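Following: one structure in structure tokens, then a few remarks.
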Number of protein chains: 2
Amino acid sequence: MTQPTRRQIIREETTQEILDTARAQMAERGAAALSLRAIAREMGMTAPAIYRYFTDRDALVTALIGQAYESLRQALEEAHQQNLQEGARKQLLAVGMAYREWGVSHPAEYALIFGTPIPNYHAPEETTVPLARSALGVLINVIQEGLQSGELRPLEEYAALSPGLREEQGDIDPQVHLALALWGHVHGLTSLELYNHLQSLVEDPAELFRLELLSKVEFLFSKDSKQ
Amino acid sequence: MTQPTRRQIIREETTQEILDTARAQMAERGAAALSLRAIAREMGMTAPAIYRYFTDRDALVTALIGQAYESLRQALEEAHQQNLQEGARKQLLAVGMAYREWGVSHPAEYALIFGTPIPNYHAPEETTVPLARSALGVLINVIQEGLQSGELRPLEEYAALSPGLREEQGDIDPQVHLALALWGHVHGLTSLELYNHLQSLVEDPAELFRLELLSKVEFLFSKDSKQ
DNA sequence: ATAGAATGTAAACGCTGTTAACTAAGTTTA
DNA sequence: TAAACTTAGTTAACAGCGTTTACATTCTAT
């Protein structure tokens with residue numbers, strides 16, 4: 001409501017500095033090397049001081065996960081916005097490529113979100129589920145536009161799924177499940193590449209990714225019978 | 001060459017007991033909770049004793065990864081063998097389902113292989129790459145049989161990929177890239193499910209997985225032009 | 001000016017992986 | 001059989017970690 005007091009400003013700055021330092025160290029030494037003491041050391045503080053800003057190591061990690069999801073969402077949204085005039089097919093391709101590129105350029109944050117790099121940390125679902133949903137929302141929006149414009153055909157197989165969701169939210173099933181399928185596809189190849197499982201098997205993972213994404217998107221847009 | 005001495009036998013037994021205890025604790029408390037001291041404690045030993053059997057915590061982890069890969073490979077191979085008379089299409093479906101089921105029933109080992117649950121551990125590629133390759137080999141074999149029997153069509157789009165590999169190994173490209181594409185697809189949905197990213201978005205992840213796998217396999221088997 | 005809240009510190013606890021020095025037992029050789 | 005050697009375990013210690021407690025300082029508001 002009222003403007004923040006002097007103290008609240010400094011507190012907010014220190015909080016952000018902690019998060020920034022943590023993110024920098026993650027980028028340097030990997031998400032698993034995250035350490036409250038190391039963060040405090042680099043900031044010229046002692047470790048217990050951090051507890052004035054985050055109740056836990058887990059709380060800090062949760063905040064980092066929040067920022068990472070938001071960064072991913074922005075990257076996807078940017079790809080979407082840059083192809084607004086292009087039609088759903090190109091938009092899906094752009095968003096898919098942006099997903100991989102964000103992972104490649106943010107490997108530690110990717111691991112933080114999609115792996116389990118922090119020992120004994122369990123993400124609180126009440127915060128991570130909405131975050132994941134909002135990043136996925138970009139994909140869902142693109143698909144919804146494609147469905148409305150008639151570019152995309154709704155796959156009738158998906159109708160059988162998730163009746164609980166349909167009861168709650170009406171008929172959002174098709175685009176959610178199309179989005180999940182595409183997400184799974186894109187995430188699989190990205191994480192295989194990031195965790196070095198494609199090494200020495202394929203020369204150019206980016207090209208494999210592009211071909212697979214292309215093939216998947218073309219499949220979604222094919223108007224013929226499924227076979 | 002000669003039969004193992006008495007000492008070599010009990011050494012081998014202790015080594016296996018360490019691995020078994022580690023695997024049990026991973027299953028209970030998660031891969032990230034792996035601890036040399038806890039393993040030793042449960043075995044009635046002290047922690048430094050383990051160093052007589054593994055030079056490092058990392059060496060133990062690498063051994064565990066080896067066992068996990070082998071367990072995964074066996075599960076896939078079993079699915080393959082049980083559908084030998086069924087044709088490539090059903091075999092691919094069976095192997096894909098077996099992949100997910102192994103992940104669901106071995107979440108900690110799945111994280112160990114495909115995530116980064118151990119802080120500051122980096123898998124030595126010279127050991128993990130052949131292991132991953134041998135698990136992938138099951139998929140490759142099924143696809144190769146499908147190609148040879150004519151059930152599967154080679155995707156010409158993949159021909160341009162990884163030319164360097166072809167020089168070394170002959171013409172193994174098509175089945176390798178088909179396998180990688182399928183692996184990426186299957187792995188993506190499996191890891192999303194395992195790390196709770198599908199929660200409250202889809203009611204029955206197994207059914208979503210089955211539909212997606214079916215769709216992908218049908219696509220691979222379609223004889224028409226790509227569009 | 002003074003009371004209170006906010007923000008930092010130092011010290012300590014229990015946990016971790018790891019190393020060094022030592023002991024006890026088993027195995028091999030003279 | 002006795003001596004020499006190898007192997008497998010111990011205890012003690014070190015550095016690092018997250019975390020808690022008790023205390024000091026400083027900024028803010030009455």
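Predicted model only: the values in this text are computed from it and were never measured. Chain letters run A, B, ... following the sequence lines, proteins first and then strands; every chain starts at 1.
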Listed by chain and number, what are the side-chain contact (heavy atoms from CB on, under 4.5 Å) partners of [X], not counting sequence neighbours?
{"X": "B:H106", "result": "B:S71, B:W102, B:E109"}
{"X": "A:T190", "result": "A:Y99, A:R100, A:Y110, A:V186, A:L194, A:F209"}
{"X": "B:I9", "result": "B:P4, B:E13"}

Is any side-chain heavy atom of [Y] closer than 4.5 Å to one of [X]?
{"X": "A:T14", "Y": "A:M43", "answer": "yes"}
{"X": "B:R52", "Y": "B:M45", "answer": "no"}
{"X": "B:E78", "Y": "B:Q81", "answer": "no"}
{"X": "A:V202", "Y": "B:V176", "answer": "no"}
{"X": "B:R133", "Y": "B:I140", "answer": "yes"}
{"X": "A:L180", "Y": "B:L198", "answer": "yes"}

- request: Under the side chain to side chain donor-acceptor pair (under 3.5 Å) rule, collect the residues that match up with B:R210, sequence neighbours excluded.
  value: B:E207

Quick one: side chains of residues 15-39 of chain A, donor-acceptor pairs under 3.5 Å with protein atoms, not counting sequence neighbours, listed by atom name and distance.
{"unit_1": "A:T15", "atom_1": "OG1", "unit_2": "A:R11", "atom_2": "O", "d": "2.7"}
{"unit_1": "A:D20", "atom_1": "OD1", "unit_2": "A:R23", "atom_2": "NH2", "d": "2.8"}
{"unit_1": "A:T21", "atom_1": "OG1", "unit_2": "A:E17", "atom_2": "O", "d": "2.6"}
{"unit_1": "A:R23", "atom_1": "NE", "unit_2": "A:Q67", "atom_2": "OE1", "d": "3.2"}
{"unit_1": "A:R23", "atom_1": "NH2", "unit_2": "A:Q67", "atom_2": "OE1", "d": "2.9"}
{"unit_1": "A:Q25", "atom_1": "NE2", "unit_2": "A:A38", "atom_2": "O", "d": "3.2"}
{"unit_1": "A:Q25", "atom_1": "NE2", "unit_2": "A:E42", "atom_2": "OE1", "d": "2.8"}
{"unit_1": "A:S35", "atom_1": "OG", "unit_2": "A:R37", "atom_2": "N", "d": "3.3"}
{"unit_1": "A:S35", "atom_1": "OG", "unit_2": "A:A38", "atom_2": "N", "d": "3.0"}

Where do N or O atoms of nucleotides 16-18 of chain D meet protein N or O atoms at under 3.5 Å, pair by pair?
{"unit_1": "D:dC17", "atom_1": "OP1", "unit_2": "A:S35", "atom_2": "OG", "d": "3.3"}
{"unit_1": "D:dC17", "atom_1": "OP1", "unit_2": "A:R41", "atom_2": "NH2", "d": "3.4"}
{"unit_1": "D:dC17", "atom_1": "OP2", "unit_2": "A:R41", "atom_2": "NH2", "d": "2.5"}
{"unit_1": "D:dG18", "atom_1": "OP1", "unit_2": "A:L36", "atom_2": "N", "d": "2.7"}
{"unit_1": "D:dG18", "atom_1": "OP2", "unit_2": "A:L36", "atom_2": "N", "d": "3.2"}
{"unit_1": "D:dG18", "atom_1": "OP2", "unit_2": "A:R37", "atom_2": "N", "d": "3.0"}
{"unit_1": "D:dG18", "atom_1": "N7", "unit_2": "A:R37", "atom_2": "NH1", "d": "2.4"}
{"unit_1": "D:dG18", "atom_1": "O6", "unit_2": "A:R37", "atom_2": "NH1", "d": "2.9"}

task: Could you tell me whether B:F54 contacts a base, only the sugar-phosphate backbone, or nothing, with contacts defined as non-hydrogen atoms closer than 4.0 Å?
output: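 Counting heavy atoms under 4.0 Å across all strands, no contact is made by B:F54.
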
message: Counting only heavy atoms and a strict 4.0 angstrom limit, can you tell me which residues of residues 58-66 of chain A come near DNA chain C?
response: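 Here the set is empty: none.
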
task: With side chain to side chain contact (heavy atoms under 4.5 Å, CB included) as the test, would you mind laying out the steps for A:R57 and A:I118 before giving the verdict?
output: CA-CA 10 Å; A:R57 179 205 59 165; A:I118 311 290; 3.3 Å; yes

statement: A:N120 CG to D:dT19 P, in whole Å, measures 10 Å

field: Length of the line joining B:E13:CD and D:dT7:C1', which is rounded to integer Å
entry: 16 Å

field: D:dT10 phosphate, OP1 or OP2, under 4.0 Å from B:T46 side-chain N/O
entry: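 For D:dT10, OP1 or OP2 has a side-chain N or O of B:T46 closer than 4.0 Å.
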
- prompt: Who are the salt bridge (charged side-chain N to carboxylate O under 4.0 Å, His left out) partners of B:R73, not counting sequence neighbours?
  reply: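 With sequence neighbours excluded, B:R73 shows a salt bridge (charged side-chain N to carboxylate O under 4.0 Å, His left out) to B:E70, given in chain and number order.
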
query: Can you give the first and last nucleotides of DNA chain C, 5' to 3', that have an atom under 4.0 Å from a heavy atom of chain B?
result: C:dT16 to C:dT27

- prompt: So which pairs with a foot in residues 111-128 of chain A pass side-chain hydrogen bond (donor to acceptor under 3.5 Å, both in side chains), sequence neighbours left out?
  reply: A:T62-A:Y121

Every protein N/O within reach of nucleotides 23-28 of chain D N/O, cut-off under 3.5 Å:
{"unit_1": "D:dC27", "atom_1": "O2", "unit_2": "A:R7", "atom_2": "NH2", "d": "2.9"}

statement: The answer to which of B:T55 and A:P48 contacts DNA chain C further toward the 5' end, by nearest nucleotide, is A:P48

message: Does B:H197 form a side chain to side chain contact (heavy atoms under 4.5 Å, CB included) with A:H187? I'd like the steps, not just the answer.
response: CA-CA 11 Å; B:H197 285 283; A:H187 167 64; over 6 Å; no

- request: For the helix from C:dA1-D:dT30 to C:dA30-D:dT1, measure the angle between the helix axis at one end and the axis at the other, each built from five pairs, rounding to 10°.
  value: 10°

